[in-house]
There are 2 protein chains.
Amino acid sequence: MKIGQLAQQTGTLVDTIRYYEREGLLPRAARTEGNYRIYDAVHLERLAFIRRCRSLDMTLDEIRVLLCFRDRPLESCEDVNTLLDAHINHVADRIRELLQLEKQLLTLRECCRDGRQAADCGILNELSHGATEVAGPSVSESHLSATHAGGRRHVVQRTQEQGED
Amino acid sequence: MKIGQLAQQTGTLVDTIRYYEREGLLPRAARTEGNYRIYDAVHLERLAFIRRCRSLDMTLDEIRVLLCFRDRPLESCEDVNTLLDAHINHVADRIRELLQLEKQLLTLRECCRDGRQAADCGILNELSHGATEVAGPSVSESHLSATHAGGRRHVVQRTQEQGED
DNA sequence: TGGAAACCCTGTAGCAACTCCAGAGTCAAG
DNA sequence: CTTGACTCTGGAGTTGCTACAGGGTTTCCA
């Protein structure tokens, strides 16, 4: 099958598939005479695996490791467990951070219940004046962060339509 | 004061301060004869404000809006409240997403309690085989995402030491 | 058969919010 | 006068894509 079909079947953008190939997550695809990439069921399986991992918010590096294990089925899978545990810890850490952040924000929000002049706004005053410390890396001292996505703003995976066969 | 001192007092990297200036969050600083930036208490206050907002995980765009209100103290601060409410919602959404993700990961982890061969690893099998759907954008359909930081991996704000005065 | 539509190719730039580096200039102390 | 600490500018790199531009290929339909 061609790249567009693979994209559709896995809910991936064509560009993303090419990106994974560049990154070495997918092997270089064979080509037709016209230089089109062609894929088979093995590719589809592998890409589906990658997408499933991504939907669990794993990094490409983490996925690379998992793929590595898939490719060597005789080795012990202990490191898979370790990796997953680490990932679970990342997520748990981030949840804790965000809960704390939420609390701070709600406290801040309490400072100004109704519309006033900005000069009297409790929120602006609070932020200017600093009950919250400045330097303290309260959030994001672990390797993961960001309430807002880095670089992918509207991730509406709109698999482009291909003529139905 | 010079940029290094400002950096130290706010727990900010020098590069970050210059970046904020480029981005228009800080006004262009006056210069010495030797072309060094010089700052005063007003700059320090403003930077501290920015850093406090950042520690609450606001985007630079959100902060720009808040700074705008600070600069026009006679206007109503209603939009400040609105902005903060929106931000709180972002954070709450993200928490919900991550809690769901955590649950999925823990379920996955249950698939392989002890070290086996990778071929028999319940986790790898589960990921390959897809009880979790592929295409579903379960995580990150809102505009914010990322368990792992986009672009800043270890955000250990190590304010570089300057000779003690 | 011809031409348009739909698909594919490569390469490059952009996002957010920085961080880091090179290569050069400035300044204070010894 | 040199050393070292500090500063400057400009540019590249980070993550995981996404979105072009500017071309080539295939397919479909009249």
Side-chain angles (χ1 to χ4, degrees), chain A residues 1-8 12-23 25 29 31-39 50-51 53-55 57-64 137 139-140 143-165, chain B residues 1-8 12-23 25 29 31-39 50-51 53-55 57-64 137 139-140 143-165:
Chain A
M1 76 183 110
K2 285 186 289 179
I3 199 167
Q5 284 165 52
L6 181 64
Q8 202 178 20
T12 312
L13 289 179
V14 165
D15 275 335
T16 304
I17 296 175
R18 288 196 278 250
Y19 172 71
Y20 288 161
E21 183 180 313
R22 272 202 306 285
E23 288 295 300
L25 291 164
R31 301 294 181 116
T32 66
E33 282 187 12
N35 199 33
Y36 284 16
R37 289 172 180 82
I38 34 175
Y39 297 98
I50 295 169
R51 296 304 291 173
C53 292
R54 283 294 297 138
S55 81
D57 225 3
M58 295 179 192
T59 64
L60 296 190
D61 271 346
E62 286 171 331
I63 297 170
R64 247 181 280 270
V139 161
S140 75
H143 82 114
L144 33 87
S145 186
T147 304
H148 310 267
R152 36 182 176 141
R153 282 215 307 297
H154 27 58
V155 193
V156 193
Q157 287 279 30
R158 50 193 153 119
T159 308
Q160 76 260 74
E161 237 99 278
Q162 230 179 1
E164 69 258 276
D165 53 322
Chain B
M1 76 184 110
K2 284 186 291 179
I3 198 168
Q5 283 165 51
L6 181 63
Q8 203 179 19
T12 313
L13 289 180
V14 165
D15 274 334
T16 304
I17 296 175
R18 288 197 277 249
Y19 172 71
Y20 288 161
E21 184 181 312
R22 270 202 306 287
E23 287 296 300
L25 291 164
R31 302 295 182 114
T32 66
E33 283 189 11
N35 199 32
Y36 284 15
R37 289 171 179 82
I38 34 176
Y39 297 98
I50 294 169
R51 296 305 290 172
C53 292
R54 283 295 297 139
S55 81
D57 226 4
M58 295 178 192
T59 64
L60 297 190
D61 272 345
E62 286 171 330
I63 297 170
R64 248 181 279 269
V139 161
S140 75
H143 82 116
L144 35 86
S145 184
T147 304
H148 309 267
R152 36 182 175 141
R153 282 215 309 297
H154 26 57
V155 193
V156 192
Q157 287 279 30
R158 51 196 154 114
T159 308
Q160 77 262 69
E161 237 99 276
Q162 230 178 2
E164 71 258 278
D165 55 322

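Chain letters run A, B, ... following the sequence lines, proteins first, then strands; residues in each count from 1.
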Find every protein N or O atom lying less than 3.5 Å from an N or O atom of nucleotides 26-29 of chain D, and list the pairs.
from: D/dT26; atom 1: OP1; to: A/Gly34; atom 2: N; distance (Å): 3.4

Side-chain N,O (B/Thr16) to OP1/OP2 (C/dT19) below 4.0 Å: yes
Describe the nucleic acid contact of A/Arg37 in one word from base, sugar-phosphate, nothing, applying a heavy-atom distance below 4.0 Å. sugar-phosphate
Do you know the tightest heavy-atom contact between B/Met58 and B/Arg54? O-NH1, 2.6 Å
Length of the line joining A/Met58:CE and D/dC17:C1', which is rounded to integer Å: 18 Å
Look up atom CD1 in A/Ile3 and atom CG in A/Asp15, then write down how far apart they are to the nearest 0.5 Å. 8.0 Å
Report yes if some heavy atom in the side chain of A/Glu21 is under 4.5 Å from a heavy atom in the side chain of A/Ile17; otherwise report no. no
Please tell me if the side chains of A/Thr32 and A/Lys2 come closer than 4.5 Å, counting only heavy atoms from C-beta onward. no
Send over the distance from B/Glu23 CD to C/dT19 P, rounded to a whole Å. 13 Å
Quick check: closest heavy atoms across B/Val14 and B/Ala7, and the distance to 0.1 Å? CG2-CB, 3.8 Å
All heavy atoms of A/Thr16 vs all of A/Arg51, minimum pair found to be CG2-NH1, 3.8 Å
Residue whose nearest DNA chain C nucleotide is more 5′ - A/Ile38 or A/Arg22: A/Ile38
Grab the two heavy atoms, one from B/Tyr20 and one from B/Ile50, that are nearest each other, plus how far apart they are. CE1-CG2, 3.8 Å
For the pair made of CE in A/Met1 and P in C/dC8, what is the distance, rounded to whole Å? 12 Å
Can you tell me how far P of D/dT15 sits from CG of A/Leu60, to the nearest Å? 9 Å
Would you tabulate the pairs of protein nitrogen or oxygen atoms and nucleotide nitrogen or oxygen atoms of nucleotides 2-4 of chain C closer than 3.5 angstrom?
none

In whole angstroms, how far is the C1' atom of D/dC20 from the OH atom of A/Tyr19? 18 Å
In whole angstroms, the gap separating C1' of D/dG24 from CZ of A/Arg31 amounts to 13 Å
Heavy-atom side-chain proximity of B/Tyr19 to B/Leu60 below 4.5 angstrom: yes
Can you tell me if the side-chain N/O atoms of B/Tyr20 get under 4.0 Å from OP1 or OP2 in C/dA17? no
Correct closest heavy-atom pair for A/Leu25 and A/Arg64 would be CD2-CG, 3.7 Å
Send over the distance from B/Asp57 CG to C/dC18 C1', rounded to a whole Å. 14 Å
Euclidean distance, atom CG of residue B/Asp15 to atom P of C/dC21 [Å, nearest integer]: 10 Å
Please figure out whether B/Arg64 or A/Arg18 has its closest DNA chain C nucleotide nearer the 5' end. A/Arg18
